[in-house]
Each structure stands twice: as structure tokens, then as C-alpha cells.
Amino acid sequence: MDRLRRGLRRRPRLLPLLALGGLTAAALAALLAIVGGVAAARWARPSDRPVAAPLADAPVAVGDDVRLVAHGAGEVGGPERAPRIRWTAGALDVDVTPQQGVDLRVVTREAEVRVIGTAFRVDRDALGTAVDVVHGRVEVRCVAGGEHVLGAGEHTVCLPSTPPGLLGRANELKRRGADPAEVLATVDAALPAAAGPFLAELLALRAEALLALDRPAEARAAADRYLDAGGARTVDLLQIAATAALADGGCAAALPYLQRLEAQGAGDPERLARCEDQP
């Protein structure tokens, strides 16, 4: 009986202990929930925060993990952890912190460049879109066809894919003194889909390149196509056609072009007289 009475006296003390334990567990659970919520908010907010900014000759930071230095024109949009950059012209330096889950893409008319963590440069001009990797790896998809995975120190160029873009590239190659064969290849890639003034200018460039490559018969044919279309550079193309015809068929072939040049007020009287005197 004495032991039973002592046991009954001790039993009520268990209730406060259990209550205290329950309170401590509840407080711990609440604390963990608060910490978890803060951590989740810390990681969730950058993914949801929208970005919208022009890029023009100034450094721009997108969140904590993307650094952009623009030397041209473009814009960046989308969420911080998946920014999308539309780059119009010039050079853009991109530096993305690796292994932070950033899915960044740079889009031009000629290419889409996808990166997760690296540093690279995108340079867009009349020749196309060039991509140079400083470190890391990038995926490049060219609109005109072809996909490339580039590592540090590697380079690729995505060419224009439309007749206006290819015409711009051909003119820029000519301005830089490139091999006429490269100009001709660019022109020939554009011709099948070209029309109107773009077609006429491409034919003019084709005639010039073929004459420079010493292919007079083809140069004359290209000049004739241009002259039939009635472009604005009639005098230039008559001169190319006359030179090509002289090289390919002599005065008999060149005389019609020389006479048309004379009628345009841009003739060469001596050359015309020599050809007219020949039987």
C-alpha cells in the first residue's frame, strides 16, 4: 500500500512534462516551417521576378548570376533565371555563373544560343551572327540549318537565311574585299527565293563577281537578266555586259551594249568606233 501511494503521488508529474515536450515539438515545427518558407521564398522569388530592359552600350546585371555588357542594340526579357535576349546588332558579352540553374538564351535573326553556365560573345553584323566561347559550353542553333556545341576558345558563324540578309552579307563581303567566289556563293544562296529589287541587286552582284572570276559568258548572262528586269543600275550593268561580251564574243557581241551605253550618254566613243569599223 505504501508503494502504491508513492506511485500515485509521482504520476501527476508526468503531465506537465508531456505538455512541455509537446510545446517544444510544436515550437520546433513552427520554427522549421518559418525557416523553410524563407528559404523557399529566397529561391522562388528570382525565378518569378520578370525582367524587361533595353540593352545598349552599358553593363546590365540580371539577378545575381547573369552579367551582360552590350556594345550594340537589343533587349532582355523573361524571368531572372530564364532570361531571353533578343539581340539586333553589335557585340554582346555574356557571363553566366555555372551550376545555378540559369537557362539563358540569346536570339538573333540567324541563330539561337543557349547556355547554362559560361562566358561567351555574340556579334551580329551584316555577315551574320558569330559566337565565340570564352569558357564553358554553349549550344548554337542556326536558323539556316545546323547545330553546334562549342567549348572554350571555339567559334562559329550562323549565316543570314533571307534574301535581304544574304544581300547585305554579299555587299559587306564585297566592301571588305573578300574573294569574289565567296560573294558569288552568298548571292547564289539568295537567288532562288529573291524577288523584286532584291533579285535585281543580287543579279548585279553576281555579274560583277563572275566578271572578276574571269567567267565572262556567265557574267554577261547575269547582266542580261538584270537589264531585262529594268533595275536602277542600267549603265553599270551595260558596262559589265559590254566588257564580258568583248571577252567572250568580240565586237560583234559587244556592239549592242556599246550602242545602248552611247544612247544613255555613258558610252566610250573610241571603243564604239573600233567595234563599228570591224566587219
Review point. What's the verdict on side chain to side chain contact (heavy atoms under 4.5 Å, CB included) for Val235 and Leu261, showing C-alpha distance, side-chain angles and the deciding distance?
Key: CA-CA 7 Å; Val235 170; Leu261 281 167; 4.1 Å; yes
Point to revise | Derivation and outcome, side chain to side chain contact (heavy atoms under 4.5 Å, CB included), residues Arg137 and Val149 | key: CA-CA 7 Å; Arg137 294 172 73 82; Val149 178; 3.2 Å; yes
Exercise for review: For side chain to side chain contact (heavy atoms under 4.5 Å, CB included), just list the numbers for Leu150 and His155, CA-CA rounded to whole Å, side-chain angles, deciding distance to a tenth of an Å, and then say yes or no.
Suggested key: CA-CA 7 Å; Leu150 305 179; His155 166 91; 6.0 Å; no
Check your understanding: Between Leu68 and Val62, is a side chain to side chain contact (heavy atoms under 4.5 Å, CB included) present by the stated rule, with each step listed?
Key -> CA-CA 8 Å; Leu68 308 171; Val62 180; 4.0 Å; yes
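Residues Arg81 and Gln100 form a side-chain contact, since some pair of their non-hydrogen atoms from C-beta on lies under 4.5 Å apart. Counting heavy atoms from C-beta on, the side chains of Thr129 and Val157 never come closer than 4.5 Å. When side chains are defined from C-beta on, Phe120 does not count as touching Val134, because their heavy atoms never get closer than 4.5 Å. Inter-residue side-chain proximity for Val69 and Leu92 is flagged as unmet; no heavy-atom pair is nearer than 4.5 Å. Side-chain contact between Leu246 and Cys251: present, with at least one pair of heavy atoms (C-beta onward) separated by less than 4.5 Å. Between Thr97 and Val102, the closest side-chain pair of non-hydrogen atoms is not below 4.5 Å. A heavy-atom distance below 4.5 Å is not found between the side chains of Val138 and Arg105. When side chains are defined from C-beta on, Asp125 does not count as touching Glu172, because their heavy atoms never get closer than 4.5 Å.
Using a 4.0 Å cut-off between charged nitrogen and carboxylate oxygen, Lys174 and Glu208 count as a salt-bridge pair. Contact check on Arg67 versus Asp93 returns no salt bridge, with no Lys/Arg side-chain nitrogen under 4.0 Å from an Asp/Glu carboxylate oxygen. Using a cut-off of 4.0 Å between Lys/Arg side-chain N and Asp/Glu carboxylate O, Arg84 and Glu75 are scored as not salt-bridged. Here Arg114 does not pair with Glu147 in a salt bridge; the nearest charged N to carboxylate O distance is not below 4.0 Å.
With rounding to the nearest 0.5 angstrom, the CZ atom of Arg109 is 8.5 Å from the OG1 atom of Thr88. Within the model, atoms CZ of Arg225 and CG of Leu199 stand 5.5 Å from one another, a figure rounded to the nearest 0.5 Å. Distance check, rounded to the nearest 0.5 Å: CZ of Arg206 to CD1 of Ile240 gives 12.5 Å. Separating the CD atom in Gln259 from the CG atom in Leu238 is a distance of 11.5 Å, to the nearest 0.5 Å. With rounding to the nearest 0.5 Å, the separation of SG in Cys142 from CD in Glu110 is 9.0 Å. Leu227 contributes atom CG, which lies 10.0 Å from atom CG of Leu203 (distance to the nearest 0.5 angstrom).
For CG of Asp64, the number of neighbouring non-hydrogen atoms (other residues, nucleotides, ligands) closer than 6.0 Å is 12 at most.
Val96 is connected to Val131 through a chain of hydrophobic side-chain contacts under 4.5 Å among Ile, Leu, Val, Met, Phe, Trp and Tyr, so both are in one cluster. Leu159 and Val140 fall into different hydrophobic clusters, where Ile, Leu, Val, Met, Phe, Trp and Tyr residues are linked whenever their side-chain heavy atoms come under 4.5 Å apart, directly or through other members. Cluster annotation: Ile85 is connected to Val133 through the hydrophobic network of ILVMFWY side chains, with a link wherever side-chain heavy atoms come within less than 4.5 Å. Clustering ILVMFWY residues whenever any of their side-chain heavy atoms sit less than 4.5 angstrom apart, transitively, puts Val113 in a cluster other than the one holding Val107. By the rule that hydrophobic residues join a cluster once side-chain heavy atoms approach within less than 4.5 Å of another member, Phe198 and Val143 end up as members of separate clusters.
Considering all non-hydrogen atoms of both residues, Ala170 and Val187 come closest at CB-CG2, 3.9 Å. When all heavy atoms are compared, the tightest approach of Ala200 to Tyr226 is O-CD1, 2.9 Å. Across all non-hydrogen atoms, the minimal contact from Ala247 to Pro216 is CB-CB, 4.0 Å. When all heavy atoms are compared, the tightest approach of Pro79 to Val51 is C-CG2, 4.2 Å. A pairwise comparison of heavy atoms in Ala207 and Ala223 identifies CB-N, 3.9 Å as the closest pair. The shortest non-hydrogen separation linking Leu258 to Cys275 is CD1-SG, 3.8 Å.
Remark: side-chain polar atoms of Glu182 are not paired, donor with acceptor, to backbone N or O of Asp179 under 3.5 angstrom. Not a single donor-acceptor pair under 3.5 Å links the side chain of Arg124 to the backbone N or O of Ala89. Judged purely by atom type and a 3.5 angstrom limit, Asp123 has no side-chain atom pairing as donor or acceptor with the backbone of Ala130.
With sequence neighbours left out, Pro98 forms a side chain to side chain contact (heavy atoms under 4.5 Å, CB included) with no residue at all.
For the side chain to side chain contact (heavy atoms under 4.5 Å, CB included) criterion with Leu184, the lone passing option out of Leu210, Leu173, Leu205 is Leu210.
Side-chain atoms of Arg220 and Tyr257 include a donor-acceptor pair closer than 3.5 Å.
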